[in-house]
2 protein chains.
Amino acid sequence: MPILRIDLGSPTPVYRQIVDSLRALLVNGAFAPGARLPTVREVAIDLGVNHNTVAEAYRLLAEEGWLDLKRYHGATVLQRPPQQAEPARQEDFVQRLRELAARAIADGVDKEEVAQLLGALAEDLKQSKKEIL
Amino acid sequence: MPILRIDLGSPTPVYRQIVDSLRALLVNGAFAPGARLPTVREVAIDLGVNHNTVAEAYRLLAEEGWLDLKRYHGATVLQRPPQQAEPARQEDFVQRLRELAARAIADGVDKEEVAQLLGALAEDLKQSKKEIL
DNA sequence: GTATATTGTCTGGATACACTATACAATATG
DNA sequence: CATATTGTATAGTGTATCCAGACAATATAC
């Protein structure tokens with residue numbers, strides 16, 4: 001059971017899917033700083049894609065400050081300093097959030113269910129906030 | 001001030017951005033069934049893109065059942081029957097939701113703020129549910 | 001200490017995609 | 001009846017995505 005699961009038929013490119021799901025894991029603290037991520041070839045075989053596709057994803061995550069990517073060494077997780085958000089990021093998030101919820105509803109997911117799932121994630125975030133304190 | 005705002009520099013293609021934001025408006029009931037949407041050329045000029053790009057977006061929305069797209073007549077909003085969600089849609093929504101929230105947090109938006117925004121949208125949805133009843 | 005395996009990177013190429021330019025034809029409009 | 005308007009169809013262009021294969025320094029096994 002691979003850590004990552006991607007959809008080869010999705011319109012969003014594979015390397016971006018990898019970035020998105022890995023980033024979610026990293027934000028959640030699924031990997032401790034200093035931990036080694038599986039090699040690009042391991043992930044590639046796991047997902048059934050070329051290793052260059054995974055390498056591109058790792059490169060983007062390294063640019064974001066999540067990974068230390070060294071040749072012959074592999075990818076190690078970094079302790080990433082918190083970023084300073086520009087105000088536009090928040091509006092952007094809200095718009096995408098609305099669009100995402102709208103598509104779920106359009107696809108037939110019940111409004112109440114969507115609301116419930118949103119609330120659940122909100123609770124999760126509040127909890128994880130407390131854990132740090 | 002155009003109804004739609006898109007980002008020409010975004011990795012997500014313009015026609016898909018149009019679909020996503022228009023769908024959000026349609027789900028929210030911003031357009032009554034029978035209403036006429038602006039023509040593809042109007043929207044195109046508004047956004048500074050070719051009208052074929054807008055036409056592609058309208059076509060996708062018509063496929064989803066939102067629009068009645070008739071040549072020489074324009075695009076009219078349909079009363080769309082509610083869909084029956086496959087179970088996978090819900091998991092998909094949750095994963096994308098997590099990824100979206102993770103990126104906002106990674107970009108520096110505070111966790112509590114993200115949680116607050118999620119909760120706010122959840123409340124909105126519950127309210128709009130009640131309105132129908 | 002030496003040979004081999006492992007690692008992310010680089011180059012090149014094939015294919016698909018996003019977007020544009022332009023023409024089209026039936027309907028609306030005056 | 002003449003003209004403007006509408007979504008559509010076709011062709012072309014630049015770019016993005018993904019793959020194949022080679023590369024070189026390090027890590028690993030003996």
* **For B/A104, all residues meeting side chain to side chain contact (heavy atoms under 4.5 Å, CB included), sequence neighbours excluded** =>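 Residues passing side chain to side chain contact (heavy atoms under 4.5 Å, CB included) with B/A104: A/F93, B/V109, B/V114.
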Please examine the side chains of [Y] and [X], heavy atoms only from C-beta on, and report whether any two atoms are closer than 4.5 Å.
{"X": "B/L67", "Y": "B/T76", "value": "no"}
{"X": "B/Y58", "Y": "B/V19", "value": "no"}
{"X": "A/L61", "Y": "A/L22", "value": "yes"}
{"X": "A/E91", "Y": "A/V94", "value": "no"}
{"X": "B/L125", "Y": "A/E112", "value": "no"}

* To do: If a pair satisfies side-chain hydrogen bond (donor to acceptor under 3.5 Å, both in side chains) and one of its residues is in residues 23-44 of chain B, list it, with sequence neighbours excluded.
  =>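 Only B/D20-B/R23, B/R23-B/E64 qualify under side-chain hydrogen bond (donor to acceptor under 3.5 Å, both in side chains).
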Rounded off to whole Å, could you give me the [atom1]-to-[atom2] distance for the [X] and [N] pair?
{"X": "A/L61", "N": "C/dG8", "atom1": "CG", "atom2": "P", "answer": "13 Å"}
{"X": "B/R59", "N": "D/dT6", "atom1": "CZ", "atom2": "C1'", "answer": "13 Å"}
{"X": "B/L67", "N": "D/dT6", "atom1": "CG", "atom2": "C1'", "answer": "15 Å"}
{"X": "A/I18", "N": "C/dG8", "atom1": "CD1", "atom2": "P", "answer": "13 Å"}
{"X": "B/E56", "N": "C/dA16", "atom1": "CD", "atom2": "C1'", "answer": "14 Å"}
{"X": "A/L47", "N": "D/dC19", "atom1": "CG", "atom2": "P", "answer": "10 Å"}

* Spell out, yes or no, whether A/L78 and A/L25 are grouped together once hydrophobic residues are joined by side-chain heavy atoms under 4.5 Å, including indirect joins. =>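 No, A/L78 does not connect to A/L25 through the hydrophobic network.
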Tabulated below should be each protein N or O lying under 3.5 Å from an N or O of nucleotides 24-30 of chain C; please produce it.
{"residue": "C/dA26", "atom": "O4'", "partner": "B/Y72", "partner atom": "OH", "Å": "2.9"}

* To do: Give a yes or no on this: more than 12 heavy atoms of other residues, nucleotides or ligands lie within 6.0 Å of atom CZ of B/R16.
  =>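 Atom CZ in B/R16 is packed in, count exceeds 12.
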* Would the number of heavy atoms belonging to other residues, nucleotides or ligands and lying under 6.0 Å from CZ of B/R80 be above 12? ->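 Yes - once you tally the heavy atoms of other residues, nucleotides and ligands closer than 6.0 Å, there are more than 12.
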So which protein N/O to nucleotides 1-4 of chain C N/O distances come out below 3.5 Å?
none

* Bend angle of the helix from C/dG1-D/dC30 to C/dG30-D/dC1 from five-pair axes at both ends, rounded to 10°? ->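 Roughly 30°, once rounded to the nearest ten degrees.
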* To do: Using a strict cut-off of less than 4.0 Å between a Lys/Arg side-chain nitrogen and an Asp/Glu carboxylate oxygen, indicate whether A/E99 and A/R96 qualify as a salt bridge.
  =>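 A salt bridge is absent here (no side-chain N lies under 4.0 Å from a carboxylate O).
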* Taking 4.0 angstrom as the limit, do B/D68 and B/K70 come out as a salt bridge? ->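 Salt bridge between B/D68 and B/K70, a charged N being under 4.0 Å from a carboxylate O: yes.
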Just the atom pairs and distances: protein N or O near nucleotides 17-20 of chain C's N or O, under 3.5 Å.
{"residue": "C/dA18", "atom": "OP1", "partner": "B/Y15", "partner atom": "OH", "Å": "3.1"}
{"residue": "C/dA18", "atom": "OP2", "partner": "B/Y15", "partner atom": "OH", "Å": "3.1"}
{"residue": "C/dC19", "atom": "OP1", "partner": "B/V14", "partner atom": "N", "Å": "2.8"}
{"residue": "C/dC19", "atom": "OP2", "partner": "B/V14", "partner atom": "N", "Å": "3.2"}
{"residue": "C/dC19", "atom": "OP2", "partner": "B/Y15", "partner atom": "N", "Å": "3.4"}
{"residue": "C/dT20", "atom": "OP2", "partner": "B/N50", "partner atom": "N", "Å": "2.7"}
{"residue": "C/dT20", "atom": "OP2", "partner": "B/T53", "partner atom": "OG1", "Å": "2.8"}

* Asked: Are the side chain of B/Q17 and the backbone of B/T12 linked by a donor-acceptor contact shorter than 3.5 Å?
  ->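 The answer is yes, because a donor-acceptor pair under 3.5 Å joins these two groups.
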